[in-house]
Amino acid sequence: MKYVTSIIILVISLIPLPSHAGDDEWYLMSRHGTCSKIDCLERKVEDMTGIETPDEFIEFMRKKGYDVDVVRPRVLRGNALKVVVSEKNLSLLFVTKDLCKEIVEK
């Protein structure tokens with residue numbers, strides 16, 4: 001029985017975790033419910049170019065030495081990811097295209 005448990009744990013640990021990015025197109029959502037392309041952050045974050053997903057943004061900010069807090073809010077359709085970089089006074093909500101459309105259409 002010990003071996004079976006060990007094998008199950010080993011197999012589970014080898015399964016890759018899903019990326020936040022997937023194949024979806026990501027946007028930033030404002031508190032007013034409007035969506036913008038991620039590159040609008042370039043004016044607030046120095047040297048930020050070519051970032052298209054929350055994962056890329058998180059990695060970029062961590063490489064610059066910032067602490068980044070990540071929360072995955074529950075949504076019915078699509079994906080959302082809240083990313084907070086307190087040192088830069090950033091609290092961002094990344095959403096996929098389908099979630100953005102759903103909220104804007106309401």
Side-chain angles (χ1 to χ4, degrees):
M1 188 64 171
K2 284 183 185 180
Y3 297 111
V4 172
T5 303
S6 296
I7 291 172
I8 290 172
I9 291 171
L10 177 63
V11 168
I12 289 173
S13 68
L14 293 175
I15 297 172
L17 293 174
S19 169
H20 302 301
D23 292 331
D24 293 324
E25 197 173 338
W26 288 88
Y27 292 87
L28 287 172
M29 179 167 283
S30 75
R31 39 183 94 145
H32 305 293
T34 59
C35 295
S36 303
K37 293 203 174 232
I38 294 173
D39 65 4
C40 74
L41 281 174
E42 291 177 6
R43 59 190 161 96
K44 286 191 170 195
V45 180
E46 299 169 7
D47 304 329
M48 189 189 117
T49 55
I51 296 198
E52 298 179 2
T53 68
D55 286 335
E56 292 173 353
F57 179 77
I58 292 164
E59 182 180 343
F60 174 77
M61 293 306 284
R62 286 184 174 154
K63 281 183 179 177
K64 289 182 108 12
Y66 295 106
D67 290 326
V68 180
D69 295 318
V70 180
V71 177
R72 182 180 290 281
R74 287 183 160 207
V75 292
L76 297 176
R77 189 167 86 183
N79 287 313
L81 200 66
K82 182 179 179 183
V83 177
V84 178
V85 184
S86 298
E87 296 166 76
K88 293 289 279 183
N89 200 26
L90 294 173
S91 181
L92 308 168
L93 183 61
F94 290 87
V95 296
T96 53
K97 188 176 186 174
D98 51 348
L99 182 58
C100 191
K101 273 186 186 178
E102 180 179 321
I103 292 172
V104 171
E105 289 173 357
K106 286 186 178 181

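Nothing fancy with the numbering, it's 1 onward along the sequence. Note that the structure is predicted; figures quoted are calculated from it, not measured.
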*Can V83 and M61 be said to form a side chain to side chain contact (heavy atoms under 4.5 Å, CB included), step by step?*
CA-CA 10 Å; V83 177; M61 293 306 284; over 6 Å; no
Over all atoms of both residues, closest heavy-atom pair of [X] and [Y]:
X   : Y   : answer
M48 : I38 : CE-O, 3.6 Å
K37 : L28 : O-CD1, 4.4 Å
S91 : K82 : OG-CE, 3.4 Å
C35 : Y27 : CB-CB, 4.1 Å
F57 : I51 : N-CG2, 3.6 Å
A80 : P73 : O-CD, 3.6 Å

_Can you tell me how far apart CD1 (I58) and CG (L81) are? Round to the nearest 0.5 Å._
5.0 Å
*Could you grab the distance from atom CZ of F94 to atom CG of N79, nearest 0.5 Å is fine?*
13.0 Å
*For T53 and E56, indicate whether the former's side chain and the latter's backbone hold a donor-acceptor pair under 3.5 Å.*
yes
*Any luck finding a side-chain donor-acceptor pair between T96 and D98 under 3.5 Å?*
yes
*So which pairs with a foot in residues 60-69 pass side chain to side chain donor-acceptor pair (under 3.5 Å), sequence neighbours left out?*
E59-K63
*Using the rule that two of Ile, Leu, Val, Met, Phe, Trp, Tyr join whenever any of their side-chain heavy atoms come within less than 4.5 Å, decide whether V84 and L41 are in one cluster.*
no
*Applying salt bridge (Lys or Arg N to Asp or Glu O under 4.0 Å), name anything that partners K44, two or more places apart in sequence or on another chain.*
none
